[in-house]
**Student:** 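Have a look at this one before I ask anything.
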Amino acid sequence: MPDVPGPTSNAPAVSSQADGVRTTCPYCGVGCGVVVDSDAAGAWRVRGDQDHPANFGRLCSKGSALGETLGDTGRLLYPEIDGQRVSWDRALNTVADGIARVRDRHGPEAIAFYLSGQLLTEDYYVANKLMKGFLGSANVDTNSRLCMASSVAGHRRAFGADLVPGCYEDLDLADLIVLVGSNAAWCHPFLFQRMVANRNRRGARIVVIDPRRTATAAEADLHLAIRPGSDTALFNGLLVHLADYGALDDAFIDASTREIGLALNAARADAGSIDAVASKTGLPIEQVHAFFDAFACTERSVSCYSQGVHQSIAGTDKVNAIINCHLATGRIGRPGMGPFSLTGQPNAMGGREVGGLANQLAAHMGFAPDEVDRVRRFWNAPSMATHEGLKAVDLFEAIAVGKIRALWVMATNPAFSLPRADAMRDALGELEVFGASDCVASNDTIDRAAIRLPAFAWGEKDGTVTNSERRISRQRAFRDPPGEARPDWWIVSQVAHRLGFGEAFNYESPAAIFREHAALTAFENDEARDLDLGGLTALCDQTYENLAPVQWPVRAGSGDGIARMTADGHFFTDHGKARFVPVTTLQAQDRRFTLNTGRIRDQWHTMTRTGTTARLCRHIAEPFVEIHPDDAADIGLEHGALARIRSNHGEAIVRAVVGAEQRKGSLFAPIHWSDANSGSGRIGALVHGLTDPISGQPDSKATSVSLTTVQCAYHGFILSANPIAVNAAVYWSRAPVRHGFATTFALAAAPPGGWRAWLKDLLGASGGDILELANWERQVYRSAVVVDDRLSACCFVSSEPVPPARDWLEEMLAVDVLDADTRRALLFGRATDDFESPGQIVCACFGVGENTIDNAITNGALSSAEDIGTALKAGTNCGSCIPELRRLLSLDVDAKRRDSVTV
Ligand SMILES: Nc1nc2c(c(=O)[nH]1)N[C@H]1C(S)=C(S)[C@@H](COP(=O)(O)OP(=O)(O)OC[C@H]3O[C@@H](n4cnc5c(=O)[nH]c(N)nc54)[C@H](O)[C@@H]3O)O[C@H]1N2
Ligand SMILES: Nc1nc2c(c(=O)[nH]1)N[C@H]1C(S)=C(S)[C@@H](COP(=O)(O)OP(=O)(O)OC[C@H]3O[C@@H](n4cnc5c(=O)[nH]c(N)nc54)[C@H](O)[C@@H]3O)O[C@H]1N2
Ligand code: SF4
Ligand SMILES: [Mo]
């Protein structure tokens, strides 16, 4: 097959590197440094990088399990068109021809790229340059629109630039840490560990503002279980309180800010008294007082915020309400102080730096005529975009109505992650040209792409990412890519060549792209723009290869970055001062049920990586919806039953978890399950399409829904050596277990042809012995399929969702020759001798289960999380499970039930 040669591997021989390859974790925006090497058997070992200033050697559960997610199973290996393998040459020509055809017939506005914070800065730069400088449209948006857009908009309004003023060290130095709409214990685990360490060492207090009692809230000194959407009222009230109690920093306000009067008037009108704040937020007056007093009296305060703030119809206003309080007290850019936006994806920041958002140009420039002209001259661009493009939700709506006809998706799964995901998935069918670059062969989006392009994955790709504190770190390659995968920057550059733009896309390496990106940030900058990498424009390939983590800006003549910005009181607005932004609460309507969506500790988005390892699927194994006990009683829903959530846009059927951690009227469901591993767990399908009018970020945490119990005649699970899908079931979901897969299901009625035929059909099994046990009075059916003396699958069905413990059965999948006693025991689900099930895994790092911990607490009279750590190691690596260890110690039955999702 004729092919285009391309870089196939950047991987140095790991064995030649005595201490392994240093790279950066591909998950959250904390951006932890990792070191990778391999053991004698060739298995990858991943440990924290002691020298990396984000994590100093520690990793969370997801980071620690990275080595287990590196297999080639499920990877997209070759370019494909309409499901057929083709050469790279043909695939690239097809993309270029499709783009050229649509542009010639319908103009550049009919083409779009949809990118991702999981691309490297270099990949992102090249894609953005091709669209905005050479194809002539700004229809490049990114999943950062769903993630960070409200922070970007809030920063630009207040600071005149998309600027995070502080750094991680501020979390070590603060005396008060306020977490707003952030479940950092699960989503930014290592940063949260730094906050807890500060509290333990220096007595810092932690306040959590979240409608749910999350693992983060459980660790807090004060938890404000705010009414969803009412954050602006709380921070407006705080601004008034600061003014009335003499806590304003008048000198800073005079010298460095504008328009406090407007903001204060708006705040007073919105939430001028403690009573008004309490009534708008639904919080007890004492809690409001406690928070206001703590903030007013503590100079070293940091306010961290994340999706509970961003993903809202008033996300940008919420961001500015928080920033206003920091400007009013002058607590910004100084040690231990500042507003701090926690970025989600590993390169959420890098994407913003190169102009990945449709309303920005590269290097933090906008669409003002002089900025457009500057970028045009730098790129020598033939068709520079002159106005903003469509933001993600609008962009996909434009696809649905045929305005956009060619789409190229890279490193994201919009058919799963956009609001109204079913409608957006259907819209993809309207495209004339649809290409997707991904590492995996199947997800809700790439399954619908006519042109599929295999990209390098983590461990293969090579470039840079920027974390939440503006720190640029290298991602380095350490393994050979499988099949014909290629780097994203190369794929885009090849298409640019075929469109006739070869000269501007003659990149030979990520280093060359980085130098150009750095040069553009410094071009005609003169300290007028915040982002300036002038000191990195001349890196030779070797210096780039060895680049140590560095915080921007890195101005010309200096190799060092700057930890805190705005310390000199200078901002990037026209007048050089920060702006107070007047904001007013958009009062959320009280509805019967409001669906809040978010993340769980051990899974990453669509689970394309974290869902492949048993270790990370044992904490929470099934899709679920959490509900307050009173609400559950009201609608007759029991813990562990199946529940149907329905909105105007779609529905899902998931497991019910009843727990007092929820506010009444509010439901929580995780976003992670998709068509790939569940029958009806796609939560994105329910989410309404409302967005923040300024940032365009979807309101993903407040969809009006109904909830009902789903009655099923049969509940069961199948353990199998190979993955299966129970497509005819009312409900099913699948997770990997140690030696195979566990598929949980529920059926409305018994299979018409009998259970045996049904099971054989599901397994695609032809031979083998089937052992069976049935008790029709109790509606119990159990069977085990043994092929060549090995357990190939076993199936347990009953009328209630309470199967026996599975741990022993899982072990049996690995036994080479099953003896007669064991075969009999299979149908009882447990060994005849004493097999102790560890129970649901609490500590993912050391695989310590709930039963083991419970026994140790009882038998060893353990009384603290530290005791448990000493006895069992649980909680001593990443610490993400410490809140759960505390809960087990408290023996609070309700709290324990909350996490026992797997029934
Ligand atoms: N384990 C894990 N970690 C991750 C990720 C992952 O998939 N898994 N993804 C990464 C990414 S891309 C991101 S963006 C981050 C997200 O990190 P977070 O923002 O911390 O995570 P979420 O679970 O989306 O939402 C945070 C909290 O917002 C709360 N919330 C909802 N509505 C409101 C409200 O009106 N006001 C307030 N104050 N709070 C509200 C929710 O109850 C929820 O607990 O996590 C990153 N880290
Ligand atoms: N309801 C609801 N919806 C949400 C959210 C929510 O809280 N609630 N959160 C939103 C947020 S904050 C985010 S960030 C999004 C995340 O949503 P997505 O971005 O859609 O989710 P991922 O599963 O991370 O998709 C990443 C894809 O990129 C692929 N990939 C990884 N690395 C590379 C690479 O280097 N190159 C290429 N070409 N492909 C790669 C992976 O295999 C995977 O298929 O979801 C958003 N949607
Ligand atoms: S906290 Fe965990 S997921 Fe986030 S970067 Fe560090 S190791 Fe990776
Ligand atoms: Mo995100």
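Because only heavy atoms are used, hydrogens play no part in the values below, and waters and symmetry mates are left out as well, while side chains stay in. Counting starts at 1 for both ligands and their atoms, following the listed order.
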**Student:** Which atom names give the shortest non-hydrogen contact between Asp141 and Ala392, and what distance separates them?
**Tutor:** OD2-N, 2.7 Å
**Student:** Would you mind listing which atoms of ligand 2 come within a distance below 4.0 Å of any non-hydrogen atom of Thr608?
**Tutor:** 41 (C), 42 (O), 43 (C), 44 (O)
**Student:** Would you say Asn596 has any N or O atom under 3.5 Å from an N or O of ligand 1, going by distance alone?
**Tutor:** yes
**Student:** Is Gln603 close to ligand 1, meaning an N/O of one under 3.5 Å from an N/O of the other?
**Tutor:** yes
**Student:** Can you tell if the side chain of His688 reaches within under 4.5 Å of the side chain of Pro419, non-hydrogen atoms only?
**Tutor:** no
**Student:** Consider only side-chain N and O atoms of Thr216 and Trp186, and report whether a donor and an acceptor are under 3.5 Å apart.
**Tutor:** no
**Student:** For Ser473 and His52, run side chain to side chain donor-acceptor pair (under 3.5 Å): C-alpha distance rounded to whole Å, both residues' side-chain angles, the deciding distance at 0.1 Å, then the answer.
**Tutor:** CA-CA 9 Å; Ser473 292; His52 197 287; 2.9 Å; yes
**Student:** For the residue pair Glu661 / Thr214, report whether a side-chain donor-acceptor contact shorter than 3.5 Å exists.
**Tutor:** no
**Student:** In the protein, what heavy atom is nearest to atom 10 (C) of ligand 2, and what distance, to one decimal place, separates them?
**Tutor:** Gln311 NE2, 3.5 Å
**Student:** Can a donor-acceptor pair be found between the side chains of Ser61 and Asp602 at a distance below 3.5 Å?
**Tutor:** yes
**Student:** Any idea which protein heavy atom is nearest atom 34 (C) of ligand 2, and the distance to it?
**Tutor:** Lys461 NZ, 3.4 Å
**Student:** Any non-hydrogen atom of Ile600 lying under 4.0 Å from ligand 1?
**Tutor:** yes
**Student:** Judged on heavy-atom distance to atom 20 (O) of ligand 1, which of Asp699, Asn183, Thr232 sits nearest?
**Tutor:** Asn183
**Student:** Tell me whether Thr597 has any N or O atom under 3.5 angstrom from an N or O of ligand 2.
**Tutor:** yes
**Student:** How about Asp210 and His223: does a side-chain donor come under 3.5 Å of a side-chain acceptor?
**Tutor:** no
**Student:** Return all protein N, O or S atoms below 2.8 Å from atom 2 (Fe) of ligand 3, chain by chain in residue order.
**Tutor:** Cys60 SG
**Student:** For atom 19 (O) of ligand 2, what's the nearest protein heavy-atom neighbour? Residue, atom name and distance, please.
**Tutor:** Asn143 ND2, 2.7 Å
**Student:** With no hydrogens and no angle check, just 3.5 Å: does a side-chain donor-acceptor pair link Thr281 and Ser230?
**Tutor:** no
**Student:** Out of Met148, Arg599, Gln307, Gln345, indicate the one that has the non-hydrogen atom closest to atom 11 (C) of ligand 2.
**Tutor:** Arg599
**Student:** Would you check whether His188 has a nitrogen or oxygen atom less than 3.5 angstrom from a nitrogen or oxygen atom of ligand 1?
**Tutor:** no
**Student:** Give the residue and atom name of whichever protein heavy atom lies nearest to atom 27 (C) of ligand 1, and the separation in Å to one decimal.
**Tutor:** Asp210 OD2, 3.3 Å
**Student:** How far is atom 43 (C) of ligand 2 from its nearest protein heavy atom, and which residue and atom is that?
**Tutor:** Asp438 OD2, 3.6 Å
**Student:** Which heavy atom of the protein is the closest neighbour of atom 21 (O) of ligand 1, given with residue, atom name and distance?
**Tutor:** Cys187 SG, 3.4 Å
**Student:** For atom 47 (N) of ligand 2, what is the nearest protein heavy atom, given as residue, atom name and distance?
**Tutor:** Ser417 O, 2.8 Å
**Student:** For atom 35 (O) of ligand 1, what's the nearest protein heavy-atom neighbour? Residue, atom name and distance, please.
**Tutor:** Gly229 N, 2.6 Å
**Student:** Do any nitrogen or oxygen atoms of Asp231 lie less than 3.5 angstrom from nitrogen or oxygen atoms of ligand 1?
**Tutor:** yes
**Student:** For atom 32 (N) of ligand 1, grab the closest protein heavy atom and report residue, atom and distance to one decimal in Å.
**Tutor:** Lys701 CB, 3.8 Å
**Student:** Show your working on salt bridge (Lys or Arg N to Asp or Glu O under 4.0 Å) between Lys461 and Asp123 and close with a plain yes or no.
**Tutor:** CA-CA 10 Å; Lys461 57 187 182 177; Asp123 303 324; 5.3 Å; no
**Student:** Could you check which of Cys439, Ser700, Gly611 puts a non-hydrogen atom nearest to atom 31 (C) of ligand 2?
**Tutor:** Cys439
**Student:** Would you say ligand 2 has an N or O under 3.5 Å from any N or O of Ser437?
**Tutor:** yes
**Student:** Under 4.0 Å from any heavy atom of Gly31, which atoms of ligand 3 are there?
**Tutor:** 5 (S)
